[in-house]
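Okay, so here's the structure we're looking at.
Protein chains get the first letters and strands the later ones, always in sequence-line order, with residue 1 at the start of each. Given the structure is predicted, the values throughout are model-derived calculations rather than measurements.
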2 protein chains.
Amino acid sequence: MIFAMSLGPGSLAEVAALLGDPARAHMLDALMDGRALTATELALAARVAPSTASAHLAKLEDARLLTLLKQGRHRYYRLASPLVGRMLESVMAVAAVQSPARHRPPTPRDAALGLVRTCYDHLAGRLAVGIADALQQRGYLALEDEAGALTEAGTRFLQKFGLDLDLEQKRRRSFCRPCLDWTERRMHIGGAVGAGLARRCLELGWLERRRDSRALKVTPLGLEGFRHSFDLDATLPGAGAKPAAKGATGR
Amino acid sequence: MIFAMSLGPGSLAEVAALLGDPARAHMLDALMDGRALTATELALAARVAPSTASAHLAKLEDARLLTLLKQGRHRYYRLASPLVGRMLESVMAVAAVQSPARHRPPTPRDAALGLVRTCYDHLAGRLAVGIADALQQRGYLALEDEAGALTEAGTRFLQKFGLDLDLEQKRRRSFCRPCLDWTERRMHIGGAVGAGLARRCLELGWLERRRDSRALKVTPLGLEGFRHSFDLDATLPGAGAKPAAKGATGR
DNA sequence: CTGTCGTTTCGGCCGGGAACGAAGCGTTTC
DNA sequence: GAAACGCTTCGTTCCCGGCCGAAACGACAG
């Protein structure tokens with residue numbers, strides 16, 4: 001039998017087929033913020049019966065896309081590695097590009113997701129793109145299709161902002177991965193810098209996690225902080241007072 | 001109906017399902033070298049009847065994963081964008097990691113693929129990893145999990161080697177994307193630098209495309225060139241004379 | 001020990017979609 | 001014009017795999 005390649009297209013299909021089921025896709029999407037969720041939570045996210053969810057999770061774990069953490073009578077699942085997260089990102093990026101806003105009933109909760117959410121370990125959404133834009137405009141950052149890099153001025157700026165880039169930077173000369181946003185269709189900051197930025201924003205109390213969603217809440221403190229540090233308006237359009245500098249988010 | 005998210009996990013599943021069929025996966029894999037192939041060639045690659053292939057190709061084109069070029073009575077398909085290529089890469093990277101050499105009947109033709117092949121627009125395989133290693137060892141390159149960058153010395157070296165990095169470099173400060181190799185499980189050079197390197201090796205006549213495979217042929221000229229410029233032994237293990245400096249490829 | 005909760009296993013149902021062959025359409029060659 | 005070729009459309013078959021509910025299992029709480 002020569003027709004079975006030892007690796008390659010065969011296993012490509014196997015992995016992709018796992019992502020190709022709507023229920024599993026919803027589960028993986030729910031896990032994309034990096035947290036560990038229980039089987040029931042994932043069943044809820046996928047809108048299937050617990051028994052169905054169990055079968056799906058067994059497959060995903062068997063394929064090493066998820067890792068399992070048994071804790072009492074709960075079973076916590078999480079993405080097996082950043083590699084898996086990046087794979088999901090890249091598929092979503094393609095999905096976003098090739099489906100040019102087919103049907104657009106912009107759900108109310110989508111608005112929150114569109115403003116700012118987590119993307120595995122970093123920030124995504126309008127705010128994240130805005131941050132990337134602001135840093136680029138000031139010459140702190142160069143973000144291209146395939147790679148990104150901080151300038152020295154940018155490194156100093158982010159260190160002053162509270163990121164500890166020194167350790168990382170000694171090991172790796174460049175660690176700022178561009179990530180295509182599926183709502184904005186624009187690049188934002190992933191990689192180590194993106195993760196650090198997200199961590200710092202949560203640490204400062206500018207953003208808060210929500211229990212039920214990947215969307216993040218911008219605190220009043222954050223509203224002021226983003227305006228002051230990045231010249232960004234982090235309000236939801238149509239919610240509350242009209243922004244003073246409306247152009248800031250749109251750009 | 002609140003249960004239908006406008007974008008996100010739904011379209012993730014849609015795209016992934018397209019990759020999840022073995023026949024389509026084989027087609028996409030065949031297209032991963034960036035060339036355009038006809039419908040019959042793809043049918044052959046996927047080992048399905050022309051009518052079946054036609055249906056698959058229609059779906060892939062409809063989803064904008066492939067673009068169609070009509071030419072006479074032939075229909076040439078190719079990957080719609082580098083984004084699609086990168087998505088396939090990332091899925092294969094996961095597939096390679098999570099299937100730890102399940103069944104290993106190392107096909108003879110796999111040996112050629114393992115040595116050097118194209119990966120969308122750049123080189124992959126043992127030789128490509130070797131090149132990346134050599135450049136890193138000389139301090140020309142820093143390649144990490146999420147990003148990579150040339151040093152100034154590395155830029156000069158590659159320019160002397162015949163890559164025209166000037167144009168690119170003015171536009172983008174950093175453009176050297178690391179790409180996980182599914183045979184070697186090591187990083188090699190993708191992005192603009194990787195593409196340039198591949199182009200230059202073909203241009204120099206060091207490597208030649210094969211008609212039927214993504215594997216490349218190392219010419220005698222290339223054998224000497226790789227040894228001289230990168231201190232690499234580009235022979236197939238077990239084929240021909242034993243390499244003089246065996247450690248060079250293994251590292 | 002008994003009940004509750006989180007999770008898995010089993011059995012059965014059902015639909016989507018991948019496969020093929022035959023026939024049709026457009027293009028090139030002789 | 002006829003024949004060969006490349007590809008698609010149509011109609012049919014068929015099987016894989018997702019779904020659920022019922023029941024079993026293990027863990028914790030009372």
**Study point:** Atom-to-atom span, CZ of Arg73(A) to C1' of dC28(D) - whole angstrom
**Key:** 5 Å
Check your understanding: For the pair made of CG in Leu68(A) and P in dT8(C), what is the distance, rounded to whole Å?
Key -> 8 Å
Point to revise | Whole angstrom value for the distance that separates P of dG18(D) from NE2 of His26(A) | key: 15 Å
Practice item. Rounded to the nearest angstrom, tell me the gap between atom NE2 in His74(A) and atom P in dC5(C). Key: 12 Å
Practice item. Please state whether the rings of Phe226(B) and Trp206(B) are parallel, tilted or perpendicular, taking 30° and 60° as the class boundaries. Key: perpendicular
Check your understanding: Are any non-hydrogen side-chain atoms of His56(A) and Met27(A) less than 4.5 angstrom apart?
Key -> yes
Exercise for review: Kindly say if Arg75(B) contacts the phosphate of dT27(C), meaning a side-chain N or O under 4.0 Å from OP1 or OP2.
Suggested key: no
Check your understanding: Between Leu28(B) and Leu18(B), is any pair of side-chain heavy atoms under 4.5 Å apart?
Key -> no
Practice item. When you get a sec, tell me which of dC19(D), dA19(C), dT8(D) is the closest nucleotide to the side chain of Pro50(B)? Key: dT8(D)
Check your understanding: Any Lys/Arg nitrogen of Arg177(B) or Glu89(B) sitting under 4.0 Å from an Asp/Glu carboxylate oxygen of the other?
Key -> yes
Review point. Heavy atoms under 4.0 Å, any strand shown: does Lys70(B) hit a base, just sugar-phosphate, or nothing?
Key: nothing
**Study point:** Proximity to the side chain of His56(B) - top-ranked nucleotide from dT8(D), dG6(C), dA19(C)
**Key:** dA19(C)
Check your understanding: Starting at CG of Asp21(A) and ending at C1' of dC16(D), how long is that distance when rounded to a whole Å?
Key -> 13 Å
Review point. How many Å lie between CD on Gln71(A) and C1' on dC5(C), as a whole number?
Key: 16 Å
Practice item. Could you tell me the separation between the CG atom of Leu19(A) and the P atom of dG18(D), rounded to a whole number of Å? Key: 13 Å
Practice item. Ignoring the backbone of Thr52(B), work out which of dC19(D), dA19(C), dT8(D) is nearest its side chain. Key: dA19(C)
Revision key, fill the gap. Closest to the 5' end of DNA chain D, once Lys59(A) and Ala55(B) are matched to their nearest nucleotides, is Ala55(B)
Practice item. Would you indicate whether the side-chain heavy atoms of Leu216(A) and Leu123(A) approach each other to under 4.5 Å? Key: yes
Revision key, fill the gap. Atom CD of Glu14(A) and atom P of dC16(D) are separated, to the nearest Å, by 15 Å
Revision key, fill the gap. Considering only heavy side-chain atoms of Ser54(B), the closest of dT8(C), dC20(D), dT8(D) is dT8(D)
Practice item. Classify the nucleic acid contact of Tyr76(B) as base, sugar-phosphate or nothing, counting any heavy atom under 4.0 Å across all strands shown. Key: nothing
Point to revise | dG21(C) base / Ser51(B) side chain donor-acceptor hit below 3.5 Å | key: yes
